[in-house]
Amino acid sequence: MNTTDALFNIYDYFLAGERWPGRSRGCAIEFRDRAISYDELRDYADLWAGRMVSAGVNEGDRVALLLFDSPEFIAAFLAVASIGAVSVPINTFLQAEEIAFIVRDAGARVIVGESDLEQRLAACREERRLLFVDSNTRQAIGASETTGAERRRRATTETSPAFLLYTSGSTGAPKGVLHLHRSIPATVESYAKTVLGLTAADRVYSASRLYFAYGLGNSLSFPLAAGATVVLDDQRPTPDRVTKLLEQHKPTVFFGVPSLYSALLELKSRGVTVDTSSLRLCISAGEALPDRVFDEWKREFGLSILDGIGSTEMLHIFVSNHPGDERPGSSGKTVEGYEARLLDDAGNELAGEQTGNLWVKGESATAGYWNRPDLTEAAVRGGWVKTGDVYRRDSQDRFYHLGRSDDCFKVNGLWVSPVEVESALLAHADVLEAAVIPGVDARGLATAHAFTVIREGCERNELARELLEHARGRLAHYKVPSRIDFIKEMPRTSTGKVQRFKLKAEKRE
Ligand code: 3UK
């Protein structure tokens, strides 16, 4: 512990009674048909802290969480923080191999998993201690309980490690983004207070999950810091499901990604009632919100969607549209508490109305990539973090997203690495070569578009169907290409690299 730092722990920040007198009996979480008060949530986090200690978790240890959005996720996350350990939330859509990679890379000592996902943790069984949550009853399985939570608390400071979020950036292999305890209050004081203006009267619902930095802010940091109520759901956020949650729980603030807003508009156009009557704010992030979606949402529901750009490295949104000052097609202006600048490829700052690589600075910035000083050195410099995005700034200091500076792209707000999708396609015996580029489906939304060279003499229609089946069995659903084209020859450089830009050009014709 660095003695110059003030003592600080996010468990106290959210749950210490003295910070929020009178709020303890207010509702913190609505889940299924239960309402959980702030008092109950604190007791539940203490119970989980006892389970962690019994499972052998010590200060600084990593604890992997493979959990659906639920009170157990929040209780376990805050329990881990309270004993000075480090949570590693894992995307519940990932396949066994990717999960095993993250668990090993993080060196997690204990894993808390959903019983429904038990098979995907089979490979991790031998070296790690596993605790399960029964996906139906939400009871813990195999955990021993001890009491005396206060005695287990550890003195942490603002700069103690709190959690690791894995993201697959440009290299394809997921990398752990380390956040300190101070990251969370920094996102609350900046974005949640100055853009959203959240209060204890708000009811928050995010279709994006807690294991994603966007969902972690939306469903944990922001509502709990404001003394508000968060609506959690452990089911997959299909448009039908989201519609049901809106109707049943009547949230005031809703967080989604562009493809979800578009899907909800489509439901409405088919005559389904989408009840937005309780909403005061709609937020979109993860990828650029098309103006068409902004305009249609405004026309159909009379509400603006606030588009803002965030990242795992900055934990949440740092450039955003502000209520009453929305500009469709723009990511908005720098959020209070952050600085943003554009650099040319040589690293020189570009002033005024120009286009360049976006770098950003703020208190919620990552402390670096886990065990990857090389990556940290390349992307975190003197407090400034490289976003990997190319942006244009206009005369009013509004930012416009032009794309990624590397080849990765997003579908449903989640990263897709071309290399990973290509490898899955290449695992099929009839596929000789494969290349994947960002595509758009009939509605203009982001998808993966694959090009393959196939073995001669294959029946094309049959193979196209078979390949899709094959990809579905190997990839998280959002990574499955929406379109697979067969080409005669793969465009390559003399050194054998696929020329994706040629495929992109071909696609436009
Ligand atoms: C892209 C956007 C255009 C952009 C995130 C809100 O998405 C989040 O984090 P990730 O680490 O991805 C970061 C990258 O995603 N992006 C995000 N939002 C927008 N591009 N317009 C947007 N509005 O390439 C960025 O570098 O997965 C989003 C809050 C927290 C987050 N972590």
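Atoms considered below: every heavy atom in the structure, side chains included; atoms not considered: hydrogens, waters and symmetry mates. Owing to the predicted nature of the structure, the values given are computational and were not obtained by experimental measurement. We count ligands from 1, going down the list as the structure has it; atoms in each ligand are counted the same way. Numbering starts at 1 and runs along the sequence shown.
Here Asp307 has side-chain heavy atoms under 4.0 Å from ligand 1, and that is the only part of it that gets that close. In Glu287, the part holding a heavy atom less than 4.0 Å from any atom of ligand 1 is the backbone. Only the side chain of Lys410 comes within contact range of ligand 1, with a heavy atom under 4.0 Å; no backbone atom does.
Residues Val177 and Trp370 fail the side-chain proximity criterion, which asks for heavy atoms closer than 4.5 Å.
Considering Ser330, Gly286, Gly332 only, the shortest heavy-atom separation from atom 18 (N) of ligand 1 involves Gly286.
Residue-ligand proximity, Leu315 to ligand 1, at heavy-atom distances under 4.0 Å covers atoms 30 (C). For ligand 1, the atoms sitting less than 4.0 Å from at least one non-hydrogen atom of Ile317 are 6 (C), 29 (C), numbered in the order shown with element in parentheses. Residue Ala288 has at least one heavy-atom neighbour below 4.0 Å for each of these atoms of ligand 1: 3 (C), 20 (N), 21 (N), 22 (C). The distance from ligand 1 to the heavy atoms of Ala285 drops below 4.0 Å at these ligand atoms: 6 (C), 28 (C). Near Thr387, meaning under 4.0 Å from one of its heavy atoms, ligand 1 places the atoms 26 (O). Short contacts between ligand 1 and Asp389, defined as distances under 4.0 Å to a heavy atom of the residue, involve ligand atoms 4 (C), 24 (O), 25 (C), 26 (O).
Here the protein heavy atom with the shortest distance to atom 14 (C) of ligand 1 is Trp415 CZ2, 3.8 Å. Closest protein heavy atom to atom 8 (C) of ligand 1: Gly310 O, 3.5 Å. Among protein heavy atoms, atom 11 (O) of ligand 1 sits closest to Thr312 OG1, 2.6 Å.
Sequence neighbours left out, the pairs with a member in residues 309-320 that pass side-chain hydrogen bond (donor to acceptor under 3.5 Å, both in side chains) are Asn218-His316, Glu313-Tyr369.
In terms of polar-atom proximity, Ser311 is counted as a contact of ligand 1, with an N or O under 3.5 Å from an N or O of the ligand. Any N or O atom pair closer than 3.5 Å counts here, and Gly308 shares at least one such pair with ligand 1. At under 3.5 Å, not a single nitrogen or oxygen of His316, backbone or side chain, sits near a nitrogen or oxygen of ligand 1.
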Inset, instruction - Could you go through the side chain to side chain donor-acceptor pair (under 3.5 Å) check for His249 and Asp233 one step at a time? - result: CA-CA 11 Å; His249 290 270; Asp233 186 36; over 6 Å; no
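Ring pair Phe77/Phe163 is tilted by interplanar angle, where 30° to 60° counts as tilted.
Figure legend: Lys268 and Phe301 shown as a cation-pi pair, the cationic atom lying under 6.0 angstrom from the six-membered ring centre and within 45 degrees of its axis.
Within 6.0 Å of CD in Gln396 there are more than 12 heavy atoms belonging to other residues, nucleotides or ligands. In the displayed structure, Asn348 atom CG is contacted under 6.0 Å by more than 12 heavy atoms of other residues, nucleotides or ligands. The local environment of NZ in Lys386 is sparse, with at most 12 non-hydrogen atoms from other residues, nucleotides or ligands closer than 6.0 Å.
We find the OG-OH distance between Ser206 and Tyr214 to be 6.0 Å, quoted to the nearest 0.5 Å. Put simply, CD on Glu353 and CG on Leu342 are 11.5 Å apart, with the number rounded to the nearest 0.5 Å.
Of all heavy-atom pairs spanning Leu260 and Pro237, the tightest one is CD1-O, 4.3 Å.
Put simply, no part of Gly388 is less than 4.0 Å from ligand 1, judged by heavy atoms.
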